[in-house]
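Read the structure below first, then the notes.
What you see is a predicted model; the values in this text were computed from it and never measured. Chain A is the first sequence line, chain B the second, and so forth, proteins listed ahead of strands; every chain is numbered from 1.
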Protein chains: 2
Amino acid sequence: MSNTPIVANPLLQLDNQLCFPLYALSRMVTKAYQPLLQELDLTYPQYLVFLLLWEHRELSVKELGDKLLLDSGTLTPLLKRLEQKQLISRRRDPRDERSVIIGLLPAGQELQVRACQVPEAVFARLNMTRAEAEALRNQLNTLLKQLA
Amino acid sequence: MSNTPIVANPLLQLDNQLCFPLYALSRMVTKAYQPLLQELDLTYPQYLVFLLLWEHRELSVKELGDKLLLDSGTLTPLLKRLEQKQLISRRRDPRDERSVIIGLLPAGQELQVRACQVPEAVFARLNMTRAEAEALRNQLNTLLKQLA
DNA sequence: TAATGTTTAATTGTGCGCAATTAAAAAGTC
DNA sequence: GACTTTTTAATTGCGCACAATTAAACATTA
């Protein structure tokens with residue numbers, strides 16, 4: 001009875017899944033950022049929010065969610081923590097009181113200078129050429145657009 | 001003062017990061033599994049545990065962690081939930097009392113039959129050929145081995 | 001064998017991620 | 001203009017992920 005043969009279904013083997021390396025690599029890359037972001041006192045998703053704010057200065061929660069593919073259940077508490085650290089501001093859009101507009105405070109703006117070295121430092125840890133990285137990024141982005 | 005020019009640093013733009021499509025695509029793929037796994041009453045990481053158990057029947061928490069790149073802080077509560085649902089068993093290894101051995105219970109074994117259709121169903125949602133999927137998987141696995 | 005070091009899980013605490021619900025504002029429709 | 005529908009955030013609850021700590025079992029070495 002404890003000898004029931006195990007059906008070796010290749011479709012159900014971890015090594016044959018596309019999902020697993022995607023899942024695992026994503027976490028490993030996040031971990032590669034961690035020590036660098038710790039110096040900025042930011043988590044990885046918080047860092048992504050700042051990438052957008054440094055580029056656009058102001059964005060609504062909705063716009064952040066559209067760009068990061070995250071909903072308000074994730075963003076609202078994250079943004080409140082950044083507000084509490086005086087890095088960003090949160091205010092209702094007077095023209096549409098449903099929207100909450102996120103803006104950079106001086107301390108949040110100043111983080112950009114210290115963040116400049118992060119991409120290079122992380123890149124150095126992944127042993128791949130620029131061309132390889134860009135090719136993979138385009139590949140992943142293509143898939144992403146098909147799904148989102 | 002609110003006119004401080006924003007330095008457009010391409011290295012700090014979300015669209016130029018490799019990390020973001022990896023992070024976002026991983027979550028999207030997990031979401032693609034969700035409705036299928038819901039019928040098995042499993043979460044995505046729980047499903048990964050079962051892929052390994054269906055293949056190996058018994059594995060220690062350590063072995064599961066090595067294969068999934070997860071630590072006991074993640075696995076212990078997850079496994080306790082599966083134990084509570086009578087899907088798996090947890091017992092100390094009599095030969096090394098530090099190890100906890102995870103085994104399949106009948107209900108957990110029977111889940112395999114219902115799971116057989118999951119990989120095909122998920123694959124259908126990603127508009128890519130087998131060859132493309134395999135190429136990408138190998139690429140991601142190579143990167144993963146470099147990091148782990 | 002006694003002391004030291006290593007391995008393995010468990011625990012604790014924090015921060016996502018997301019489904020589901022609620023509530024308010026805005027837009028569309030009759 | 002009242003009614004309905006849609007949009008937008010916030011809230012609640014649950015399950016990961018993971019860093020840091022603890023404790024027990026095992027291994028190594030003096």
To the side chain of V61(B), which of dC18(C), dA10(C), dA10(D) is closest? dA10(C)
State whether E97(A) and R92(A) are salt-bridged, where the test is any N-O pair (Lys NZ or Arg NE/NH1/NH2 against Asp/Glu carboxylate O) under 4.0 Å. no
Has the side chain of T76(B) got a donor or acceptor that lies under 3.5 Å from a partner of the other kind on the base of dA9(C)? no
Nearest-neighbour nucleotide for the P45(A) side chain, dA19(D), dC16(C), dA10(D) considered: dC16(C)
So what does S99(A) hit on the nucleic acid, given a heavy-atom distance under 4.0 Å: a base, only sugar-phosphate, or nothing? sugar-phosphate
Between dC16(C) atom P and L70(A) atom CG, what is the distance in whole Å? 10 Å
Reading DNA chain C from 5' onward, which residue's closest nucleotide shows up sooner: P77(B) or K62(B)? K62(B)
Spell out, yes or no, whether Y23(B) and L69(B) are grouped together once hydrophobic residues are joined by side-chain heavy atoms under 4.5 Å, including indirect joins. yes
How would you label the contact of L78(A) with the nucleic acid (heavy atoms, under 4.0 Å): base, sugar-phosphate, or nothing? sugar-phosphate
Using a heavy-atom cut-off of 4.0 Å across all strands, would you classify T74(A) as base, sugar-phosphate, or nothing? base
Relative to the ring of Y44(A), is the ring of Y33(A) parallel (under 30°), tilted (30 to 60°) or perpendicular (over 60°)? tilted
Reading DNA chain C from 5' onward, which residue's closest nucleotide shows up sooner: Q38(B) or T43(A)? T43(A)
Please work out if S60(A) contacts a base, only the sugar-phosphate, or nothing of the nucleic acid, heavy-atom cut-off 4.0 Å. sugar-phosphate
Is R137(B) salt-bridged to D15(A), cutoff N-O under 4.0 Å? no
